[in-house]
Amino acid sequence: MKNSLNLLFAALILLSTSCRVGNRTESAAGLQNRFPLTPNPYIELPLGAIQPEGWLLRQLQLMKTGMTGHLDEWYPLVLGGRNGWLGGDGDGWERGPYWLDGLVPLAWLLEDDSLKAKAMPWIEWTLNSQTDEGYFGPVPFAEEPEPEPGIQKSRRRDWWPKMVMLKVLQQYYEATGDERVTDLMTRYFRYQLAELPETPLDHWSFWANRRGGDNLLMVYWLYNITGETFLLKLADLIHEQTFPWTEVFLNGDCYRGPEMDHLYPYNTGNRYPFDDTLIGRLCVEQFQAFHCVNLAQGIKEPLIRYQQDPRPEYLEAVKKAFRDIRRFHGQPQGMYGGDEPLHGRTPTQGIELCSVVELMYSLEKMIAVTGDTEFMDHLEQIAYNALPAQISDDFSSRQYFQQANQVMLTRHRHNFYEEDHHGNTDLCFGLLTGYPCCTCNMHQGWPKLVTHLWYATADGGVAAVMFAPSVVSTRVGDGTEVSIRQITRYPFEETVRFQVSVPRPVDFPFHIRIPGWCVEATIILNGKQLATETGGRMAILSRQWEDGDVLEVHLPMKTTLERWVEQSVSVHRGPLVYALKIGEAWSHVDSTDRWGAFDEVRPVDPWNYGLLESAVLDPANGFEFRLQAQAPASGTDEFSVENHEFYPWSIDATPVVLKTMGKIIPDWTLYREMAGPLPHSLPLQHLEDESAEEIMLVPYGCTTLRITEFPVVR
């Protein structure tokens, strides 16, 4: 079988079917890097080339009827007519652009006129706001205004919120081709090139130097369209003024002395040109090394820079950073303890929702630059576990922090770094609980996942890097239009089918990710087995495709376990993390303070279970998997590919479950109204004579309350 596989699948040869237009490299679809930028193996497709179907379409529809489609009505203090990005004297910093960064792709993915109508006044005002010198955005105040509670009015010249709006405009351009966007960016980037030497990225706030990679992304994007060489000079300058992520990620010897001025938030004054002594003390291992969202955004900067300066240490730095994050701060759902600074691996440390969606975006960009399947697997892990768990089913509320072991959500002091400034509301579901940045920034997660399910390839083909019900329409090979429908209930089932539609037979390579968790995948074409493929690589099928071809990929999922804090274990099956199903009692609190009304959630079932050592040692027999054809809460909501009304990320409608045996650990109790410290898994021998009982595990993304890291008992 391996011999035939080698005959069927060709290795990726960059640019083998691309053509040169001047100094620019064009692939059959998408925008490849222009010389002297290094060509990317995978090329992002424009907004609209990929359409969601099935449960994923339902997810976007819930966003429309929920917070994304109504945030201007529900949060008028910030997103009403006074917003500075509409020309007003109110909020003029990041929150308006944050909302648009999810609203714009949602509106055009759904082709929804009502959502477009909400977005267009912001876009039109922004496009018309540019001054003769090139500045755009909220009009700076002649005198510092009086502060108003809940509104970020000042710092209107700050470089940071412009970076978010540039992303918004990029997506709008991809959807519409409005050339006013590239005109504005060209003039603005000339303005940046002139101004940055005297007013560097962190002149108004340190956030811009930590997140300069987002600025760099847009400079390279525009260069690939216009080819204006001043943009490469600007890219050099932005990289120089951006926090030296590569150096810090590669720092080998962590500082262990008593000083703390290199840690967040004490290091926010370390601005360009950076203090080398403070930079040399920093490493990922340390608590408070970085703000969690800055890390989620900054981790891509070395690889974005790699396109202009292809040195191997950029990739080495990012790979080392991810290893260190997992080792010292990681959690099973793919995220890390950061509430708001980095705060270790304990499963009750918080994970900020902004860091979830920003790390997803970073991974989506790094996939294009590297074609690395580890980044694809990581994106999948976050999207199908962490993301749905932190937002209510109807998309009307969210948590500021989530926890891996999350057994009670109340307004109470916990063990987060940020406590006093958030009124102890970080875990509660609400509109403004914790801090309202995530209220505006959360909306980019699902729409951008849709736009990065598929990529064009440098060899003139198409790549399925993420699995979800969808259709891609693009050009391949010699420019032939192709449409491929991905038919699946993934991540809840093992099979993904691809249905090819072409006007005539056409040769092109089809790249398909075989996830790292998959031991061996089976690939079937038109009912006949072609090959088997090991996990952790891209399978590449180069052949002549005909209309109606059906390619089926079978990805066997096995129950596996991973070790965490105190030798606890997490349970995985395929891309999904499984957590203890805990009954929930929701109660509404009509708070009138600045955190607004919110919901608390308390358990109605025991949560302090340990897993049996026998099941941990033999997961194939210790866990029983069940695929539920219908939602338990409804006899009519069948979870099928065709049912676009079914929403799977619900505790009452979970399509899959694992059953196993567990024992209650009586001395594992609440601490500050959260799960107390994990008992060490010796395993716990003092419970040997206690009776075990059946417990149910469900996908992490379906839970509100959960245990994800389990002690092990005999």
Side-chain angles (χ1 to χ4, degrees), residues 84 92-94 97 130-131 133-141 144 152 154-167 184-223 228-249 261-282 289-291 293-309 314 317 358 362:
W93 206 49
E94 66 183 9
Q130 193 160 38
T131 65
E133 62 182 356
Y135 172 89
F136 80 97
V139 179
F141 295 107
E144 188 69 15
Q152 296 170 313
S154 58
R155 295 189 292 187
R156 291 191 163 203
R157 284 196 177 273
D158 190 2
W159 301 109
W160 155 237
K162 311 291 192 300
M163 299 180 195
V164 185
M165 187 55 83
L166 290 171
K167 293 193 297 178
L184 176 142
M185 285 191 181
T186 299
R187 295 171 59 197
Y188 175 67
F189 288 146
R190 289 191 183 279
Y191 169 76
Q192 271 201 307
L193 186 61
E195 293 292 319
L196 282 175
E198 298 300 324
T199 53
L201 289 178
D202 51 19
H203 180 79
W204 286 283
S205 79
F206 90 108
W207 302 102
N209 82 32
R210 288 346 188 237
R211 303 172 180 184
D214 289 53
N215 203 151
L216 197 60
L217 265 172
M218 296 301 103
V219 172
Y220 289 150
W221 177 79
L222 184 65
Y223 174 74
E228 295 203 53
T229 55
F230 85 89
L231 293 166
L232 299 180
K233 296 179 182 178
L234 175 60
D236 288 337
L237 184 57
I238 290 172
H239 174 69
E240 177 185 323
Q241 294 186 1
T242 297
F243 185 77
W245 292 104
T246 300
E247 180 181 346
V248 171
F249 290 158
D261 51 352
H262 60 295
L263 301 175
Y264 179 85
Y266 315 110
N267 64 1
T268 57
N270 186 17
R271 303 189 175 189
Y272 175 80
F274 302 101
D275 184 324
D276 290 338
T277 300
L278 296 181
I279 295 299
R281 289 181 188 170
L282 267 177
F290 317 108
H291 185 282
V293 183
N294 287 345
L295 177 59
Q297 294 187 242
I299 199 167
K300 66 177 172 290
E301 198 276 344
L303 288 178
I304 301 308
R305 177 60 177 175
Y306 174 88
Q307 298 171 101
Q308 188 177 355
D309 182 16
Y314 289 128
E358 291 292 357
S362 289

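The CG atom of Asn294 sits 12.5 Å away from atom CD1 of Ile299, with the distance rounded to the nearest 0.5 Å.
Between the side chain of Thr131 and the backbone N or O of Tyr135, at least one donor-acceptor pair lies under 3.5 Å. A side-chain donor-acceptor contact under 3.5 Å links Gln307 to the backbone of Ile304. A distance-only check finds no donor-acceptor pair linking the side chain of Glu358 to the backbone of Ala296 [under 3.5 Å]. A donor-acceptor contact shorter than 3.5 Å is absent between the side chain of Thr246 and the backbone of Tyr314.
For the salt bridge (charged side-chain N to carboxylate O under 4.0 Å, His left out) condition, the pairs that include at least one residue of residues 267-281, sequence neighbours left out, are Asp261-Arg281.
Ion pairing between Asp214 and Lys300 holds under the 4.0 Å rule for side-chain N and carboxylate O.
For Glu133, the salt bridge (charged side-chain N to carboxylate O under 4.0 Å, His left out) partners two or more places apart in sequence, or in a different chain, are Arg157. Scored by the salt bridge (charged side-chain N to carboxylate O under 4.0 Å, His left out) test, Glu247 finds no partners at all (sequence neighbours excluded). Shown here are the side-chain contact (heavy atoms from CB on, under 4.5 Å) partners of Ala208, two or more places apart in sequence or in another chain: Asp158, Trp159, Trp160, Met163, Leu201. When the ring-ring contact (aromatic ring centres under 6.0 Å, His included) test is applied to Phe290, the partners found at least two apart in sequence or on another chain are Trp245.
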Please report the C-alpha distance between Val164 and Trp93 in whole Å, then the side-chain angles of each, then the deciding distance to 0.1 Å, and finally whether the side-chain contact (heavy atoms from CB on, under 4.5 Å) criterion is met. CA-CA 10 Å; Val164 185; Trp93 206 49; over 6 Å; no
side-chain contact (heavy atoms from CB on, under 4.5 Å) between Phe206 and Tyr264, intermediate numbers included: CA-CA 11 Å; Phe206 90 108; Tyr264 179 85; 3.7 Å; yes
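A pairwise comparison of heavy atoms in Tyr188 and Gln130 identifies N-NE2, 3.3 Å as the closest pair. Nearest heavy-atom pair across Leu282 and Phe243 is CD1-CZ, 3.6 Å. Scanning both residues, Asp202 and Phe274, for their nearest heavy atoms gives OD2-CE2, 4.3 Å. Asn267 and Ala289 make their closest contact through ND2-O, 3.9 Å (heavy atoms, listed as atom of the first residue, atom of the second, distance). Minimum interatomic distance between Glu144 and Ser154 (heavy atoms only, all atoms of both residues): OE2-CB, 2.9 Å. Heavy-atom minimum distance, Pro138 versus Gly92: CG-O, 3.5 Å.
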Output side-chain donor-acceptor pairs under 3.5 Å for residues 232-240, partner residues at least two apart or in another chain, one line each.
unit_1: Asp236; atom_1: OD1; unit_2: Arg305; atom_2: NH1; d: 3.1
unit_1: Asp236; atom_1: OD1; unit_2: Arg305; atom_2: NH2; d: 2.9
unit_1: Asp236; atom_1: OD1; unit_2: Gln308; atom_2: NE2; d: 3.1
unit_1: His239; atom_1: ND1; unit_2: Glu301; atom_2: OE2; d: 2.7
unit_1: Glu240; atom_1: OE2; unit_2: Tyr272; atom_2: OH; d: 2.2

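Taking 4.5 Å as the limit, every side-chain heavy atom of Phe136 sits out of range of all side-chain heavy atoms of Tyr191. Using a 4.5 Å cut-off on side-chain heavy atoms (C-beta onward), Phe249 and Leu295 make contact. Between Lys167 and Leu217 the shortest side-chain heavy-atom distance does not fall below 4.5 Å. Proximity of Lys162 to Gln192: side-chain heavy atoms (C-beta onward) are nowhere separated by under 4.5 Å.
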